[in-house]
Amino acid sequence: MNASSIFEGNQTMSRKFTIHFFAAVACALTLSACTTTSAVKTPPPPSLDELMGKANLAASSGNKEAAMGLWKQAAEAYPADKTPWVNMAQTRYEAGQYGDAIVNAQEVLVRDPANNQANSVIAISGLRLSTRALADLSRQNNLSADVRTESR
């Protein structure tokens with residue numbers, strides 16, 4: 001065995017060692033990445049009764065916008081329940097926000113098509129919006145005649 005064959009043998013062993021070393025490092029990094037990630041536990045959402053209780057308390061104390069926020073949160077957390085939508089529709093109706101009241105009442109009807117309160121909010125809000133629009137048109141067009149004359 002001469003010196004060049006010994007040198008070539010050492011180079012081959014050195015390459016093998018390098019490849020094995022990097023393969024081992026790659027495996028170790030892959031395995032450590034799996035073990036270092038921990039599952040982030042999110043707390044469960046508040047119950048519907050808890051959200052509704054907080055919202056009703058806010059509404060009864062006069063903080064209608066806080067109540068609306070809590071009802072929206074309840075509607076998102078419990079999308080099949082109509083109760084938050086009923087409260088939002090009624091609150092918007094009472095505030096004279098008839099367009100929003102109609103939208104919220106329609107959400108109630110998606111969940112309960114026979115809901116009388118939602119149907120009433122839609123009907124009365126629609127009439128009030130129509131009356132308001134007719135009054136605005138009359139003022140804008142200087143219509144001063146009575147309805148019978150205008151309808152001809």
Side-chain angles (χ1 to χ4, degrees), residues 13-152:
M13 285 177 52
S14 176
R15 274 190 218 127
K16 285 182 181 178
F17 174 78
T18 303
I19 292 171
H20 287 296
F21 175 76
F22 283 117
V25 169
C27 286
L29 288 174
T30 302
L31 290 174
S32 69
C34 292
T35 59
T36 58
T37 58
S38 61
V40 177
K41 294 182 180 178
T42 58
S47 70
L48 179 62
D49 291 337
E50 185 180 345
L51 288 170
M52 295 304 294
K54 288 179 181 178
N56 292 335
L57 183 62
S60 66
S61 67
N63 195 347
K64 301 291 185 181
E65 288 309 310
M68 288 297 292
L70 289 162
W71 286 321
K72 286 177 184 176
Q73 184 181 349
E76 289 173 7
Y78 301 93
D81 199 289
K82 68 180 180 182
T83 310
W85 294 106
V86 169
N87 287 309
M88 287 188 281
Q90 187 64 40
T91 300
R92 293 299 188 209
Y93 173 79
E94 290 169 359
Q97 299 168 342
Y98 301 119
D100 291 334
I102 290 171
V103 170
N104 293 149
Q106 287 173 329
E107 289 290 339
V108 174
L109 294 178
V110 166
R111 291 153 182 82
D112 180 10
N115 188 282
N116 286 333
Q117 184 176 1
N119 281 315
S120 295
V121 166
I122 290 170
I124 296 169
S125 294
L127 289 171
R128 291 195 176 176
L129 285 173
S130 296
T131 303
R132 187 183 298 165
L134 285 171
D136 289 343
L137 282 173
S138 293
R139 273 193 305 279
Q140 290 169 3
N141 294 319
N142 292 325
L143 300 177
S144 57
D146 63 1
V147 175
R148 185 179 309 170
T149 307
E150 293 297 329
S151 66
R152 292 183 189 170

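Values below: every heavy atom of this structure, side chains too, minus hydrogens, waters and symmetry copies.
- Residues A89 and A105 come closest through the heavy atom pair CB-N, 3.7 Å.
- When all heavy atoms are compared, the tightest approach of M88 to A75 is CE-CB, 4.2 Å.
- In this structure, the separation between CG on L109 and CG on N104 is 11.5 Å, given to the nearest 0.5 Å.
- Pairing each heavy atom of A55 with each of A67, the nearest pair is O-CB, 3.3 Å.
- Exactly one of V108, V110, V121 qualifies for a side chain to side chain contact (heavy atoms under 4.5 Å, CB included) with N115. That residue is V108.
- Shown here for P46 and Y78, the closest heavy-atom pair between the two residues is O-OH, 2.7 Å.
- W85 pairs in a side chain to side chain contact (heavy atoms under 4.5 Å, CB included) with only one of the listed residues (Q106, Q90, E107), which is E107.
- Interatomic distance, CE of M68 versus CG of N63, reported as 12.0 Å (0.5 Å rounding).
- Under the 4.5 Å side-chain criterion, counting only non-hydrogen atoms from C-beta, L48 is in contact with P84.
- Note that the CZ atom of R132 and the CG atom of L127 stand 12.5 Å from one another [nearest 0.5 Å].
- Side-chain contact of T83 with D81: a donor-acceptor pair under 3.5 Å is present, judged by distance alone.
- Note: K64 NZ to R92 CZ = 11.0 Å, rounded to the nearest 0.5 Å.
- Note that the CZ atom of R128 and the OH atom of Y98 stand 4.0 Å from one another [nearest 0.5 Å].
- The CG atom of L51 lies 10.5 Å from the CG atom of N56; values are rounded to the nearest 0.5 Å.
- Between the side chain of S125 and the main chain of I122, no donor-acceptor pair closer than 3.5 Å is present.
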Inset, instruction - Show the numbers, then the answer: is there a salt bridge (Lys or Arg N to Asp or Glu O under 4.0 Å) between E76 and K72? - result: CA-CA 6 Å; E76 289 173 7; K72 286 177 184 176; over 6 Å; no
